[in-house]
Every structure is written in structure tokens, then in C-alpha cells.
Novice: 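Got a structure for you, written out below as C-alpha cells; questions coming shortly.
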There are 2 protein chains.
Amino acid sequence: MPTIKDVALKAGVSVTTVSRVLNNRGYLSEELKKKVYDTMEELNYRPNELARSLSRSKSNIIGLIIPFVSHPFFGELTSHIEGHAYRNGYKLLLCNSQLDKLKEFEYIDMLRSSRVDGIIMGSHTLEVEAYRQIHLPLVTFDRQISPEIPYVCSDNYRGGALATGLLADKGCRKLAHIGVHPHLNLLSHQRYVAFRDVAEQRGIWHTSLHTDVNGFKLEEYEALLEQLFLEHPDIDGIFASSDILAAYALKACQDSGRRVPEDVRIIGYDGIAQRKLQNPLISTIRQPIEEISKRAVELIIEQMQGKAVASEHILPVELEEGATT
Amino acid sequence: MPTIKDVALKAGVSVTTVSRVLNNRGYLSEELKKKVYDTMEELNYRPNELARSLSRSKSNIIGLIIPFVSHPFFGELTSHIEGHAYRNGYKLLLCNSQLDKLKEFEYIDMLRSSRVDGIIMGSHTLEVEAYRQIHLPLVTFDRQISPEIPYVCSDNYRGGALATGLLADKGCRKLAHIGVHPHLNLLSHQRYVAFRDVAEQRGIWHTSLHTDVNGFKLEEYEALLEQLFLEHPDIDGIFASSDILAAYALKACQDSGRRVPEDVRIIGYDGIAQRKLQNPLISTIRQPIEEISKRAVELIIEQMQGKAVASEHILPVELEEGATT
DNA sequence: TTGTATGCGTTATCAC
DNA sequence: GTGATAACGCATACAA
């Protein structure tokens with residue numbers, strides 16, 4: 001591949017000049033610019049980003065660590081984050097932790113070595129201290145780590161309250177919450193807290209089931225629903241902590257001859273696009289996924305620029321009623 | 001951040017020695033190794049991958065260009081590709097083209113500038129010549145570009161034949177194929193070719209509908225199904241070119257009072273995990289997504305190593321019957 | 001076995 | 001306005 005030196009030589013100028021043209025710095029005659037641009041074109045020259053990054057100590061890369069891209073929610077999140085990064089001239093290094101501690105740890109190391117300009121953390125299997133050691137612009141999704149590290153999330157408590165309130169309003173008398181394991185200090189745990197609060201306020205019987213610690217597996221979801229109906233066959237309202245989980249609940253109801261919403265009412269969380277494939281359409285609490293993604297990227301960029309950023313970014317949710325409630 | 005120089009200084013050795021320890025090259029006494037490792041630890045030193053990459057002219061980054069990560073099929077593909085890349089010590093730069101020509105073009109440029117070691121192309125909005133100009137290890141998914149560029153895909157023709165054969169066996173007499181626009185020379189077009197061939201061999205009436213050129217939008221899918229049943233209300237067999245499309249077909253049937261599989265039989269393509277959320281379970285032609293991903297990464301690595309690779313990689317599909325046929 | 005010097009492709013600091 | 005030259009952080013050929 002041709003280098004800046006080749007361009008300089010062929011254009012009959014110095015590398016400094018070529019670099020100047022490249023970065024549009026200082027005063028350059030139109031004629032000179034054209035000459036340089038032409039030789040670049042001629043040589044099919046592409047500036048070496050590695051060298052640029054090294055020299056400027058800025059890579060224009062954002063690292064994204066999430067549990068699973070193949071999970072629809074994270075797929076949408078990733079998609080929007082990529083879009084915003086792209087619009088701002090950043091590349092995205094994708095890291096699937098699979099909720100594997102070692103993998104997440106190694107990825108953090110790799111990202112630091114790669115001198116990424118910042119990291120968006122959507123996976124949180126490690127201890128607080130591990131994240132504090134990173135010393136890079138950081139944004140966390142759905143987890144509060146320490147005051148210096150900003151986090152962005154949906155209004156989990158309000159979402160949980162809205163969902164539970166709807167089930168109560170519809171006359172449910174025996175509620176179940178299903179979700180992933182609340183082992184870590186994830187903010188999504190607030191959905192459950194709200195569920196419990198509202199159910200108790202309203203004096204409604206309620207219970208909660210959750211998957212294993214590393215639970216994002218589809219088989220686990222199935223087992224969870226089976227257990228639920230085995231232990232509590234007369235459940236008449238389910239608040240699922242994700243739309244995927246809600247879809248499983250719906251399927252489990254249909255398979256066991258329960259009518260939805262007549263016998264059992266179901267409401268999910270997330271508001272993923274794929275929800276629309278379900279029949280009947282699943283009621284849900286919509287997270288502003290696009291807004292969350294945008295904010296996360298902005299927060300990374302602002303930190304890089306040395307700006308002070310607020311540490312708390314709680315974005316509003318919206319109740320979106322379908323046909324399962 | 002500390003550099004190799006800091007480590008050398010503090011350990012009382014030369015940078016060369018530190019570099020040697022880092023890369024485990026040449027003969028080094030255990031004592032010396034330990035001393036160097038200890039100072040690295042002490043300084044929390046991380047080698048600068050940018051500098052390493054520049055020096056070795058190898059970035060250990062693979063670029064992945066796909067239309068949409070949020071599409072379940074590409075989500076799974078991405079997930080597996082990431083896994084294999086990681087296992088081989090490569091990082092993944094994620095590029096969502098959104099089937100936008102300009103974006104895809106710019107991304108190719110960015111990847112070249114970033115000196116990625118290879119590119120896996122799952123988006124193909126550009127002309128053959130654009131890809132031939134890349135001059136980097138390349139692998140294509142589902143598109144044949146030129147003999148030098150290896151491609152990997154599922155056995156599309158066989159998949160289409162299996163699907164159509166099944167519908168025919170079940171007694172369907174009026175078949176429809178639905179898919180995305182066959183504008184580009186995508187190999188998935190073979191699914192349709194097989195559909196037509198088999199239907200004609202068996203003497204079965206058949207038709208085909210497809211989305212717009214840039215069609216991956218969910219709304220378009222809905223419109224497509226609406227049109228299908230409007231024009232051909234008596235269709236009794238549908239072969240959808242993706243499971244997502246099949247899910248829409250299923251929903252459209254249910255919404256219009258058609259029983260599946262009694263009135264209309266449906267079979268999809270891909271074999272995505274999310275298919276299991278549908279009720280009834282959708283019959284499908286399963287692509288070996290994991291194997292495809294593995295092969296793609298391998299082909300990139302082998303090309304980087306200068307090995308000669310075969311240009312055609314057609315992996316077997318499998319008919320997986322659910323409850324919609 | 002360890003160190004010196006040079007190069008990787010850019011940018012930035014000086015001079016001229 | 002333009003051009004040498006020294007960084008950027010690391011790897012490596014060559015010496016010692």
C-alpha cells in the first residue's frame with residue numbers, strides 16, 4: 001500500500017505538505033491541493049489509520065461490550081449504537097461477553113490495549129473495582145457502578161409499576177413476575193421492586209421466578225414457565241422482564257390451553273420490534289432504545305472531550321398495550 | 001499510560017529486552033522475565049496495540065459488513081463470527097450497511113484505512129468492481145463475486161427444493177414463494193429457482209412475490225402478505241425465504257381466519273433460534289449458521305497466511321419440520 | 001543473553 | 001506558505 005511518502009514524492013512536495021492537505025491545516029493554494037489530491041487518487045492512497053491513531057493518540061474506536069448480540073434487545077441496541085457511532089466518525093469494536101467473566105475481563109484488556117477512545121458496557125459480570133480500574137471514558141447501561149461512571153437506563157421502576165398497575169386494573173388477582181437472575185446490582189431489578197410494591201399496595205397476591213445467574217438461554221426460559229405453571233396453576237397475570245420472556249409465557253399459556261388475555265394476562269418489557277411477530281400482539285413497556293443508544297455514544301464522546309457529564313441518565317418508558325392484557 | 005520505555009527504565013533493562021519478554025522471543029532467563037513481568041504489573045502496563053499493529057503491519061482486526069445486526073439471522077451470524085474471531089485472537093469491527101450504498105462504500109474505505117486483516121462481506125449493494133478493488137483477504141456470504149474471492153453459503157438450491165417438495169408432498173396445489181428483492185446476484189435467489197423448478201416438475205400452480213430492493217423492513221413484510229392474500233386468496237402453501245417472513249405469513253393467516261397447517265401450509269428458511277417463539281412452531285430449512293461463521297473466519301485467516309483457499313463453500317441445509325406444514 | 005539503531009506511517013514543532 | 005526533523009510506541013536486524 002502506498003504511503004504518504006509515495007504521494008509526496010510523486011507530487012513533488014514534502015510529506016508535511018501532504019499531511020497538511022490531508023488534514024486541511026494551514027494555508028494551502030487550491031492548485032497545490034488539487035495536485036496532491038490527484039496523486040492520492042492516482043495511487044489509490046489511503047491514510048494509515050493505525051499510524052494516525054498512534055501519532056494523535058486517538059483511535060476513533062468505541063468498544064461495546066454486551067452479553068449477546070443475538071438477543072433481540074441487544075441486537076437493536078447495538079444497531080443504534082453503531083449508527084450513532086458512525087455518524088460521529090467512530091468505529092465500533094463489538095464484544096460479546098456471553099456473560100462469561102473471563103471473556104469480559106479479557107475483552108476489557110483488549111480494548112484498553114487497542115486504545116479505544118471509550119467503552120460502552122452493557123455486560124456486568126465483574127466487580128465494581130474491575131470497572132474503576134479501566135481509566136477510560138466509560139458509560140454503563142443499566143448498572144450503577146460509581147459516581148464517576150455515568151449510566152444510562154430506562155425508568156425501570158416506573159416501567160415495572162406501569163406494567164403491574166395495568167395487570168391490577170384489569171382485575172388480575174394472582175400475579176407472577178418472571179425475569180433473569182437479580183444477582184448483580186442491575187438497575188433492571190427495579191422492575192421487580194416496583195412489581196412487588198404495587199402488588200402489595202393493591203393487596204394482590206404475587207410471586208416471582210427467575211432464571212439462573214447466567215440465564216439468557218432459551219431452554220431456561222421454557223423451563224421457567226413450566227415451573228411457574230406447575231407451582232401456581234392459577235396465575236392470572238404475568239409481568240415478564242423482557243418481551244422474549246413474555247413471548248415464552250404466551251406460548252406456554254397457549255400450549256397449556258390457557259386463553260390470553262381471558263385466563264391469563266401478560267405484559268413484557270423492552271418494546272423490541274420482533275414483538276410484532278407474536279400473535280396476539282404482546283403488551284409491553286417500551287424502552288427508548290434509540291434514545292438510550294444515542295445518549296450512550298454522546299456520553300462517551302463528551303467524556304473524551306473532557307466535558308463534565310451527569311452521572312445519571314434515566315430515560316422515560318412508555319406503556320404500549322397490545323392484545324395480551 | 002506507561003510505555004515500554006517506562007517499563008524498561010524501571011526494570012533497569014533496555015526496551016528490546018522488554019519487547020522480547022513481551023513476545024517471548026529468544027532466550028531469556030527466568031529471573032529476568034520475572035523482573036520485567038513484575039514491573040509491568042506494577043505499572044499496570046498494557047502494550048499499545050496501535051504501535052504493535054503499525055510495526056508488524058498486522059492489526060488483528062476483522063471487519064464485518066452486514067445489512068442489519070438487528071435482523072435475527074444476521075444477529076446469530078454476527079454472534080458466531082465474533083466467537084470464532086475471539087478464539088483466534090481477532091477483534092471484530094462491526095459495520096451495519098443498512099443496505100445503504102454510500103454507507104457500505106464508506107465502510108469499506110474505513111476498513112481499508114484501519115488496516116484490518118480481512119473483511120467478511122454479508123452486504124452486497126455495490127458492483128463487482130468495488131469489491132475487486134479492495135485487495136484484502138475477503139470472504140463473501142451468499143454472493144459470488146469473482147473466482148479469487150471465496151464465498152460461503154448454504155445449499156440454497158437444495159433448501160428451496162426441500163421446502164417446495166415438502167409442500168407438494170403434503171398436497172398443496174397453489175404455491176407462493178415470498179422473499180426479498182432478487183435484484184442482486186445473491187445466491188439466495190437459488191431458493192426461488194428451486195421453488196419454481198420443483199413446482200413445475202410436479203405440475204403445481206405457483207407464484208412469487210418479493211419486497212422492495214432495500215426491503216428488510218418489517219412494515220414491508222406486512223404489506224407483502226396483505227398483497228399476497230388479496231391477489232391469491234386461495235393459496236394453500238407458502239415458502240418464505242426467511243423465518244421472519246414465515247412468521248409474518250403465519251400471523252397474516254391467523255389474522256385472516258386461515259388455519260395453519262389445515263388451510264395453508266408454511267415453511268421458512270434460516271433456522272433462527274427465535275423461530276421457537278412462534279406458535280405453532282414454524283417448519284424451516286435450517287442453515288448451518290455456526291458452521292458458516294466458522295468457515296468464514298477460517299477463510300479470512302487462511303488467506304492472511306497466504307494459503308490458497310477454495311472459492312466455493314456450500315454448506316448443507318437441513319429440513320426441520322415444525323407444526324406449520 | 002542483552003543492547004543500539006532503525007523503521008512502521010503519521011502528526012507536530014520548529015525553522016526557513 | 002513550505003520543508004526538515006523529532007516524536008508516537010513498538011519490533012527487529014545487527015552488534016556486542
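The chains referred to below are lettered A, B, ... by the order of the sequence lines, with proteins before strands, and numbering in each begins at 1.
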Novice: Between D:dG3, C:dT10, D:dC10, which one does the side chain of A:R52 approach most closely?
Specialist: C:dT10
Novice: Checking side-chain polar atoms at under 3.5 Å, does B:R143 have a donor or acceptor matched by the opposite partner on B:H124?
Specialist: no
Novice: Any side-chain N or O of A:S14 less than 4.0 Å from the OP1 or OP2 oxygen of D:dG3?
Specialist: yes
Novice: Measure the distance from CD1 on A:I4 to C1' on D:dG3 and round it to the nearest whole Å.
Specialist: 13 Å
Novice: Base, sugar-phosphate or nothing for A:R46? Non-hydrogen atoms, less than 4.0 Å.
Specialist: sugar-phosphate
Novice: Could you give the CG-to-P distance, from A:L43 to C:dG9, as a whole number of Å?
Specialist: 13 Å
Novice: Indicate, with a heavy-atom threshold strictly under 4.0 Å, whether A:T16 touches base, sugar-phosphate, or nothing.
Specialist: base
Novice: Answer with yes or no whether the side chains of B:S146 and B:E148 bring together a donor and an acceptor at under 3.5 Å.
Specialist: yes
Novice: Pick out which of A:V152, A:V139, A:T140 makes a side chain to side chain contact (heavy atoms under 4.5 Å, CB included) with A:H313.
Specialist: A:V152
Novice: Quick one: B:K33 NZ to C:dT1 P, roughly how many Å, whole number?
Specialist: 12 Å
Novice: Could you state the atom-to-atom distance from NZ of B:K58 to P of D:dC10 in whole Å?
Specialist: 18 Å
Novice: Any side-chain N or O of A:T17 below 4.0 angstrom from OP1/OP2 of D:dG3?
Specialist: yes
Novice: Please tell me which of B:R25 and A:L54 maps to the more 5' nucleotide of DNA chain D, matching each residue to the nucleotide holding its nearest heavy atom.
Specialist: A:L54
Novice: To the nearest Å, how far apart are A:L28 CG and D:dG3 C1'?
Specialist: 13 Å
Novice: Examine distances only and state if a side-chain atom of A:D100 and a backbone atom of A:L102 form a donor-acceptor pair shorter than 3.5 Å.
Specialist: yes
Novice: As a test of reading the structure: which of D:dC14, C:dT11, C:dC8 is closest to the side chain of B:R20, going by heavy atoms?
Specialist: D:dC14
Novice: Report which part of the nucleic acid B:S19 touches: base, sugar-phosphate, or nothing (heavy-atom distance under 4.0 Å, all strands).
Specialist: base
Novice: So which of B:E104, B:Q98, B:K101 actually passes side chain to side chain donor-acceptor pair (under 3.5 Å) with B:T125?
Specialist: B:E104
Novice: Report which part of the nucleic acid A:L50 touches: base, sugar-phosphate, or nothing (heavy-atom distance under 4.0 Å, all strands).
Specialist: nothing
Novice: Distance check needed: D:dA11 C1' versus B:K5 NZ, whole Å only.
Specialist: 15 Å
Novice: Take atom CG of A:L22 and atom P of D:dT2, then tell me their distance rounded to the nearest Å.
Specialist: 16 Å
Novice: Take atom OH of A:Y27 and atom P of D:dG3, then tell me their distance rounded to the nearest Å.
Specialist: 18 Å
Novice: Counting only side-chain heavy atoms from C-beta out, which of C:dT2, D:dC10, C:dT11 sits nearest to A:N23?
Specialist: C:dT11
